[in-house]
Amino acid sequence: MRSIGLSLLLGAAVPQSASADTRKFPTPLPEEVLPNVAVLPGIWPKSWVLIHDLNFASILDGKLALVDTRSADRPLKGLVRAAQFANELVAPDRGEIYTAETFYGRLTRGKRTDAITIWDMKTLQPKGEIILPDGKRQLSVTYPNVFQFTNGGKWALVANFTPAQSVTVVDLHARKVLGEIDLPGCTQIYPSGERGFSSLCADGSVFSVTLDDKGQAASSSSVAKVQDIDRQPLFGTPAMVGRTAWFVSYYGMVQGIDLSGPVAKPLPGAFSVDKGDGAKADGGTPQWRPGGWQVIASDAKGLLYVLMSPNGKEGSHKDGGTEVWVVDPVKKARLSRIALKGQGLAIAVTREDAPQLIVARADGVVDVHDAATGAFVRTLGATVAANPIVITVP
Amino acid sequence: MRSIGLSLLLGAAVPQSASADTRKFPTPLPEEVLPNVAVLPGIWPKSWVLIHDLNFASILDGKLALVDTRSADRPLKGLVRAAQFANELVAPDRGEIYTAETFYGRLTRGKRTDAITIWDMKTLQPKGEIILPDGKRQLSVTYPNVFQFTNGGKWALVANFTPAQSVTVVDLHARKVLGEIDLPGCTQIYPSGERGFSSLCADGSVFSVTLDDKGQAASSSSVAKVQDIDRQPLFGTPAMVGRTAWFVSYYGMVQGIDLSGPVAKPLPGAFSVDKGDGAKADGGTPQWRPGGWQVIASDAKGLLYVLMSPNGKEGSHKDGGTEVWVVDPVKKARLSRIALKGQGLAIAVTREDAPQLIVARADGVVDVHDAATGAFVRTLGATVAANPIVITVP
Amino acid sequence: MAGFDKFAERMARGVARGTSRRSLLAWLGAGMTGTALLPALPVARASTHPDAARPEMTSGTPQDPGNPASCDYWRYCAIDGFLCSCCGGTVNSCPPGTEMSPITWIGTCTNPADGRAYIISYNDCCGVSSCGQCLCNRNEGDRPQVRPQSNNDYNWCLGTESSIYNCSVAAIVGTALDQPK
Amino acid sequence: MAGFDKFAERMARGVARGTSRRSLLAWLGAGMTGTALLPALPVARASTHPDAARPEMTSGTPQDPGNPASCDYWRYCAIDGFLCSCCGGTVNSCPPGTEMSPITWIGTCTNPADGRAYIISYNDCCGVSSCGQCLCNRNEGDRPQVRPQSNNDYNWCLGTESSIYNCSVAAIVGTALDQPK
């Protein structure tokens, strides 16, 4: 332990030692080792999630907050850059996070660069990047299904919007762009089959593409009338149960689409989240409807969680919800209702042995409920993100 | 006026026309011309100021807010980029704003570029840039005196800190860097003489440099014991009255430095802002001391305005103040005390015929007082900047 | 791929083609309009400063009632973003320093004074970072991204020199018929 | 310019030369320490989310009392910035993804448990944008920028790959004598 002549160094008044306290603690606290940067476990605990901070006040400086949902005192484990309407993917098997981002040479102007940045899950340091050509990446409020894996996670698909619509195919292993698939009139990317994807189209159809081993379109196929966009529009972000995407409509109808094969197959028997009891999801009083940004989630057992608001009306679908309704899509029945502590915007369920329902609220607070009982467990406060909008369970 | 078949376009329910109201207003509101971008007057009114928003939550996205201090309903006239601990200068005679900024190729990482950006005062569009070499620009919480004019405004001086200290000399007309002056142990830039500058040094001296017509140091000179940094440290940002820089100390002593000649000349007769009445600036109860970030301002008549806090103690000098004391530096007397509506961090006085005292508060609110009477005139609310920290009167 | 071309053709035919002389409506006619804006009224609450109260502004025209600095103003029925009226622009002009997006998302809002349904163009102002004032989100007529012309979640700073989003205007570009022509 | 060199020499001689094996203190000995941090407690209030309350953390050591997530914690007597304890780091470690600045501003704070004055190194964590949590500014012993080693307004993300500031730690690097040696 070194002592330093302080007044020469700092020119500040040096406090007097309190000798009584010094006797109580005869040895000073030890010097601490510098530099010192925290490292994360190689495999993240299952209570950890990534929360996307859109950061409205500076959209160009979006972030991913890595959050331990079981830690009320130290929930924030670190930040990953997610610049300018970014999107993210996580590959725990490779220990990598991928962000699709947009940059300008002079912050707001100058040369535009779109790129996928590869981050190490243990250090949160960048490992490399893949430049995306032509500055056409789709920029919008965070939709998970504009940046998706395919080909067993070896490739990524990036949605483009100029406003012409297309999908860029990227080989994450070789770190290069393979090609681009035009997709006029269709939007969002739902990986389908072994190597391909499906998209929802403006005429209500679903369109499926298979890719060859060079990333070019090998075949395509369309199934008509999957949704009625005027009367029963589906939120664009589904909850996945295996290879089935469960979508919910603005009015609470649940529609499954089987994505296991090369052609997306809508499942028969759409049903309402109010099925099985008297509370109406649409047309009743109060007018319960899904509301928020990420309004549907699944758990490991295949149950669905839908964020619901009693203030349903035209245009209410992004206003957030005050309850989560738990639905069994096999029985087509609602199992329970979970009252939230605030106005939720995004929900997700962890894959822990005792799964937790994570709720990102409009006021920036993140709350945690027991997914099985619905009981409120803890709040993380507004301590991880300015504008939490999407929750990713790795 | 064109009418559009709406349901086909938007698929939304079209509201019914209320025919009674239509009779009251037989003609629809006219179509509006697009695109349409507001343009500013060629010469800004004297009520307009630039307020630097450090933007703590995303420091890399700092901004200048152009603010009409006489408009309570539309105070914000536009924003100018001021990226990453930027600094700014305004040249109304040339109709230009200059920002000294720092960028990274990938927002937070990659290639660093330091540059002066030239903005048009009428359009707030960039007109050009001058690259600053070697990525050494001093980054700190906004100090106006790290980016200053010299040579009649034809050149700019940029402080560097790596932590080695130096000053880069830039020809704004020719848009090129002329040279770099090493400045070990000295900091801040106070333009002095016709073509030169002075700096304050860590031994309490002031050091003056004259530049030749190529921007190289021609001569230098030092005056010792200008300040006692231990016992009576001066805030680094002075108020200018002509070519005299008026500094105030942590304890309320006012020290003038004449910068009109090639060598900075400390003026004799430092005096306390409490001079002339019983209220003590230091040592009294309450303990009034200057507090805030930009704590001293001047008006066109040469009076000084000092932001004061009654909660003075070691370390209180950035906590903000609740009064402004008006001081005549010629008479060395305090003329009046102005009570603020909140905790001020930065003050400035406009050069209007009826000058206004502008107060940027710690809570982001900007208040306006009549400078002559001290009377509160209006608040602009927290409507122009997240973290207003420096006010520039062009 | 021929299949894709055919699909695009089918799409184009399925959507009404506009007759406007303006590129923004011509583009809308082709069924490709989107928007640049941001989400969610509730988020706006979290992002707006508690001391951001400001005096009311008006258009000065009885036929255009309400406060263009308030999210409740009639033209904002489908807006999503910072209101340019609070950012150095007006209800239909961008702040200095920005560039107005040439293409845009279109909403339809009822004017409470004359009872007419107006077509409102929500153009984004681009090239300057987030204005940060008066964040507002309303979603009357908003549909998922699958229908770009009816979705306000796209960043519509397209066709501009920079895609950086600053604020949004709400300009009158026509009146709506109750029934398609 | 010869005059400048002489001046630097005079400066160096006027300041105590440290004997630490650590570059940060060696550099301090040369009279050139600065800091990376941010200003003003009151600004912190404006920037901190009203719902950001969090449970108390402790060091677990009676000799190191207080809450490292609170601005009142004893080691923070001269800090200026986001507290790394709230950002994924700890009181003396940076969050993952950042790089710790090798040189730093040094303060001296009294530990209320043992009454000793400790030398605290306020290292910045760099390369990730503003953490945004627990902004804290205290200025005991802070002097103007003219004395870099005593001023906490510099961005001390120097000597790091990126100068982008994320948060600040407060590490014990020694105890202070009451009088110079």
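Letters go in sequence order (proteins before strands), and every chain restarts at 1. Just so you know, these numbers use all the heavy atoms, side chains as well, and skip hydrogens, waters and symmetry mates. From a predicted model like this one, the values you see are computed outputs, not experimental measurements.
Most heavy-atom pairs under 4.5 Å with chain A: of the set D/Cys87, D/Cys86, D/Gly89, D/Pro95, this distinction falls to D/Cys87. Chain D forms more heavy-atom pairs under 4.5 Å with one residue of A/Asp120, A/Asp61, A/Leu66, A/Asp68 than with any other, namely A/Asp61. Note on D/Ser85, D/Gly88, D/Gly97: by heavy-atom pairs under 4.5 Å with chain A, the leading option is D/Gly97. Contact count versus chain D (heavy atoms, under 4.5 Å) is highest, among A/Val384, A/Asp53, A/Thr379, for A/Val384. Between chain D and the options A/Lys122, A/Arg81, A/Gln125, the largest number of non-hydrogen pairs under 4.5 Å is found for A/Gln125.
In this structure, no portion of A/Val80 lies under 4.5 Å from any heavy atom of chain D. Only the backbone of A/Thr27 comes within less than 4.5 Å of a heavy atom of chain D; no side-chain atom from C-beta onward does. Contacts of D/Ala69 with chain A are absent, with no heavy-atom separation under 4.5 Å from either backbone or side chain. For chain D, the nearby parts of A/Asp73 are the backbone and the side chain; heavy atoms of each come within less than 4.5 Å. Residue contact with chain D, scored on non-hydrogen atoms closer than 4.5 Å, involves the backbone of A/Pro26 exclusively.
Closest approach of A/Val37 to D/Pro96, counting heavy atoms only: CG1-CA, 4.2 Å. Between D/Pro55 and A/Ala72, the closest heavy-atom pair is CD-O, 3.2 Å. The shortest non-hydrogen separation linking D/Asp114 to A/Pro28 is OD2-CA, 4.3 Å.
Annotation: the span from D/Asn166 atom CG to A/Leu79 atom CG amounts to 6.0 Å, rounded to 0.5 Å. The distance from atom CZ of D/Arg54 to atom CZ of A/Arg74, rounded to the nearest 0.5 Å, is 9.5 Å. Taken to the nearest 0.5 Å, the OG atom of D/Ser59 stands 8.0 Å off from the CG atom of A/Leu29. Note that CD of A/Glu32 and CZ of D/Arg75 are 4.0 Å apart. Values are rounded to the nearest 0.5 Å. For the atom pair A/Asn36 CG and D/Thr90 OG1, the distance stands at 6.0 Å (nearest 0.5 Å).
Within a 6.0 Å radius of CD1 in A/Ile131, other residues, nucleotides and ligands contribute more than 12 heavy atoms. A/Lys341 NZ: 12 or fewer foreign heavy atoms inside a 6.0 Å radius.
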Side chain to side chain contact (heavy atoms under 4.5 Å, CB included) assessment of D/Arg116 paired with A/Thr22: CA-CA 7 Å; D/Arg116 289 185 182 87; A/Thr22 309; 3.1 Å; yes
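Between the side chain of A/Lys63 and the backbone N or O of D/Ser130 there is at least one donor-acceptor pair closer than 3.5 Å.
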